[in-house]
Structures are given as C-alpha cells and as structure tokens.
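Computation of the quantities below employed the complete heavy-atom set of this structure, encompassing side-chain atoms and omitting hydrogens, waters and symmetry-equivalent molecules. Note that the structure is predicted; figures quoted are calculated from it, not measured.
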Amino acid sequence: MIKSLHVRKEFIRTPGNSQLKTTKFPPTKRIVSFQAFRIQESLKKNKMAQPTNQRASRLSTSERLVELTKTAQFYWWIGHLVVLLCGFMYYIKRPFGWKEANWYYSKAYMGALMSYTIVIYKTYGPPQLNLAFLHRLVVDENVEYLLLAFLWLTMKPIMVTLLPFVVFSLFHVITYTRSTLIPMLFPQVTAEIQRARQAEQSGTPAPLSFPGRVSKFMGDWSSKYYTPALSEVGVWEVAVIGAWLVLGAVTFQTPLVAPPLYFQFLRMRYALSAPTRAAFRRVRAFLDKSLTPPTCSASVPGVVTDTYIRARDFLIKIGEAIMDPATQQRQRQQQQR
C-alpha cells in the first residue's frame with residue numbers, strides 16, 4: 001500500500017489499480033488491491049494524453065521526452081518510481097541506522113501521496129461539496145491508500161507498513177515503462193513484439209532488438225508474478241501489519257491510535273476488495289490449523305485456543321455485518337432502541 005498498484009492483468013492496490021483521467025482520455029476506476037489491481041489492462045483502456053507511435057517516430061528523442069512530460073501519467077509514474085527507489089533504499093539502510101533510513105521512508109510516502117493525488121484529481125476533478133461526490137471518494141481504493149500513506153507519513157516510521165506500497169509501485173513502474181516509455185523512446189518496439197508473437201505462433205521465433213527483449217521480459221515477468229504478489233501483499237496487510245500495530249500499541253512502541261485507524265482501513269478493504277477478503281480467509285485457515293484442535297499442537301494452551309476462537313467469531317460477525325446490509329439495518333434499529 002497499490003488499488004496505480006493490474007498495477008491496480010498487471011497492477012497497481014495497489015494497494016489498489018490507479019488509473020488516470022485527463023481531459024484527453026476517459027475516466028476509469030481502479031481495480032483493487034494489489035488491491036485489488038490490473039494495470040496492463042487499465043493502461044490499454046486509458047488514453048493517456050501521449051503522442052502516437054506514428055507521430056513519435058517523426059520526432060527526435062529529446063522531443064519525444066518533452067511530449068511525454070506533458071502528460072499527467074508521467075508524473076504519476078515518477079511518484080511510483082520514487083516509492084520504489086526510496087522504499088528499496090529504506091530497507092537496505094534500515095539495519096544500519098535510523099536517521100538516514102527514515103529520510104528514505106518519508107520520501108517514499110511523499111511519492112505515494114503524489115501518485116495517488118494525481119490519480120484522484122484526474123478521476124474526479126476539483127472537490128465538490130455534495131454527498132454524491134463524497135460517497136464516490138469514500139469507496140475509491142485510491143483515496144483509501146492516499147489516506148493510509150498520509151497516516152504513515154505523519155507517524156513515527158513503522159517498518160512493515162511500506163512494503164505493500166513498494167510492491168504496488170514495482171508493478172506500476174514496470175507496466176508504464178513497458179507500455180509507454182519504451183515505445184515512446186523506441187517506436188519500432190511495438191511492431192517488433194507484434195511480429196515476434198506472430199512468429200511464435202508459427203513456430204519460428206523472430207529476433208528482437210535489446211529494447212524489445214527488455215519490454216517482452218517485463219511483460220512476461222509481470223504476468224507471471226502479479227497475481228501471487230498481490231495475494232501475498234493482502235496477507236501482509238491483514239496479518240503482519242495488523243499484528244505489528246497491536247503489539248506495538250501494547251508495548252507503547254506505536255501510537256495507540258494506529259490500530260483502530262488501520263482496522264478501519266481494513267474494514268473498508270474487506271467490504272470493497274475480494275482479494276482482501278481472500279487474505280482474511282487464508283489467515284483464518286492458518287490460525288485455525290495452528291490454534292484449534294484437532295490440528296493444533298498439544299503444547300498450545302487451552303486458554304490460547306479459547307481466546308482465539310472468541311476473537312475469531314467476533315471478527316466473523318463484524319465481517320458478516322459489513323457484507324450484509326440487512327444485518328447492518330438491524331444493528332442500527334437495536335442501537336436506536
């Protein structure tokens with residue numbers, strides 16, 4: 001945490017896919033979260049205010065780059081590139097010291113704020129003071145991850161929170177580089193790859209230039225690892241970050257407000273994201289096997305099993321209430337009484 005991570009069959013979140021809208025291309029919605037995220041498909045649907053390959057082929061490299069920098073999507077990509085590079089540097093530097101590592105941590109979240117802000121503004125335009133506009137924002141994955149990034153940026157660095165955003169940004173950066181940046185700088189690559197695919201179908205592989213091989217490798221790698229990566233990110237968000245925040249709050253290592261705010265985020269993700277619900281099911285299956293008979297170890301104390309079952313059943317009821325409007329209505333009526 002992303003929903004811009006299939007970032008959004010490829011992502012980006014993420015967290016959530018982030019898909020841009022400008023006056024030159026139609027609006028789309030992000031498919032969530034990793035999160036939720038099919039970026040390759042979204043980039044094909046979005047008309048991203050960029051010169052066509054035919055026009056680009058008549059321009060010099062510098063002119064093509066200038067044309068590229070006139071699009072909002074370019075700065076969306078820059079934001080994700082900042083997340084990816086600074087996130088990588090943070091995890092490299094973190095074991096050797098806090099101060100320098102925290103600089104990269106904050107810059108990574110600034111990059112995330114930049115990308116998600118661009119997506120949201122290009123999708124919805126200037127803010128509007130009406131309930132319909134507010135409702136559209138509340139159910140948008142990009143808004144959820146924007147708020148989450150802002151939350152982590154304003155708190156003391158929490159190491160585990162950055163990883164989902166880095167994963168989302170990785171797929172976003174790869175997809176944009178392959179589908180937009182490489183064809184812009186090397187206009188012949190698109191035709192090369194099309195000929196190579198036709199040649200593969202006939203059983204006679206066609207040679208590719210170096211940019212063409214790089215583009216093909218990126219596409220194949222993203223297609224292979226996108227779904228597994230988003231699945232693991234979902235489990236990370238549910239189990240690792242959630243447990244880390246609870247333990248941190250109990251030991252006064254993280255702010256007490258962090259767990260309830262993050263669980264509200266998970267509540268929204270559970271209601272709106274099928275991958276998040278699948279992550280909850282995976283975590284439950286693992287804990288059931290580890291903590292409940294007959295599959296649990298005999299060394300597990302009975303009090304641990306009983307506590308887990310009560311907590312599990314309580315969370316299941318919350319989940320059912322989130323997904324069942326009738327149940328929510330009954331709860332409101334009981335509260336009014």
Qualifying residue for ring pair (Phe, Tyr, Trp, His ring centres under 6.0 Å) with Y105, from F88, F165, Y90: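 With Y105 as partner, ring pair (Phe, Tyr, Trp, His ring centres under 6.0 Å) holds for just one option, Y90.
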From CA spacing to verdict: salt bridge (Lys or Arg N to Asp or Glu O under 4.0 Å), D220, K216: CA-CA 6 Å; D220 294 342; K216 186 175 184 301; 3.0 Å; yes
Closest non-hydrogen atom pair, G212 against I193: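 The pair with the smallest heavy-atom distance is O-CD1, 4.2 Å.
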Shortest non-hydrogen contact from L245 toward P259: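 Closest heavy-atom pair between L245 and P259: O-CG, 3.6 Å.
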Between T69 and Y75: side-chain donor-acceptor atoms closer than 3.5 Å: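 Judged by distance alone, the side chains do not pair up.
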Residue pair R195, E192: steps toward the salt bridge (Lys or Arg N to Asp or Glu O under 4.0 Å) verdict: CA-CA 5 Å; R195 288 194 298 268; E192 281 185 10; 5.0 Å; no
Hydrophobic cluster membership, F96 vs L162, 4.5 Å side-chain cutoff: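 No, because F96 and L162 fall into different hydrophobic clusters, even though each may have its own neighbours under 4.5 Å.
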same_hphob_cluster(W236, L247) at 4.5 Å side-chain heavy-atom cutoff: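 No; tracing contacts between hydrophobic side chains, which count when under 4.5 Å, never links both residues.
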Ring centroid separation Y262 to W244 under 6.0 Å: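 No.
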Output field: ring centroids W221/F171 closer than 6.0 Å: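 So the answer is yes for these two rings.
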NZ/NE/NH1/NH2 to OD/OE distance under 4.0 Å, E144 and R269: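 Answer for the salt bridge query: yes.
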Electrostatic pair E232-R282, nearest N-O below 4.0 angstrom: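 A salt bridge is present here (some side-chain N lies under 4.0 Å from a carboxylate O).
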Whether T295 side chain and K289 backbone form a donor-acceptor pair below 3.5 Å: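 Yes, because the side chain of T295 sits within donor-acceptor range (under 3.5 Å) of the backbone of K289.
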Aromatic plane relationship, F74 with W77 - under 30° parallel, 30 to 60° tilted, over 60° perpendicular: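 Rings of W77 and F74: tilted, 30 to 60°.
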CZ/F133: more than 12 non-hydrogen atoms of other groups inside 6.0 Å: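 Yes, because the 6.0 Å sphere around CZ of F133 holds more than 12 heavy atoms from other groups.
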Side-chain heavy-atom pair Y109, V83 within 4.5 angstrom cut-off: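 A side-chain contact is absent here, since even the closest heavy-atom pair is not under 4.5 Å.
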Student check: side-chain heavy atoms of I120 and L137 closer than 4.5 Å: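 I120 vs L137: side chains touch.
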Spacing of CD1 belonging to I158 relative to OG1 belonging to T254, to within rounding of 0.5 Å: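 Atom-to-atom, I158:CD1 and T254:OG1 are 5.5 Å apart.
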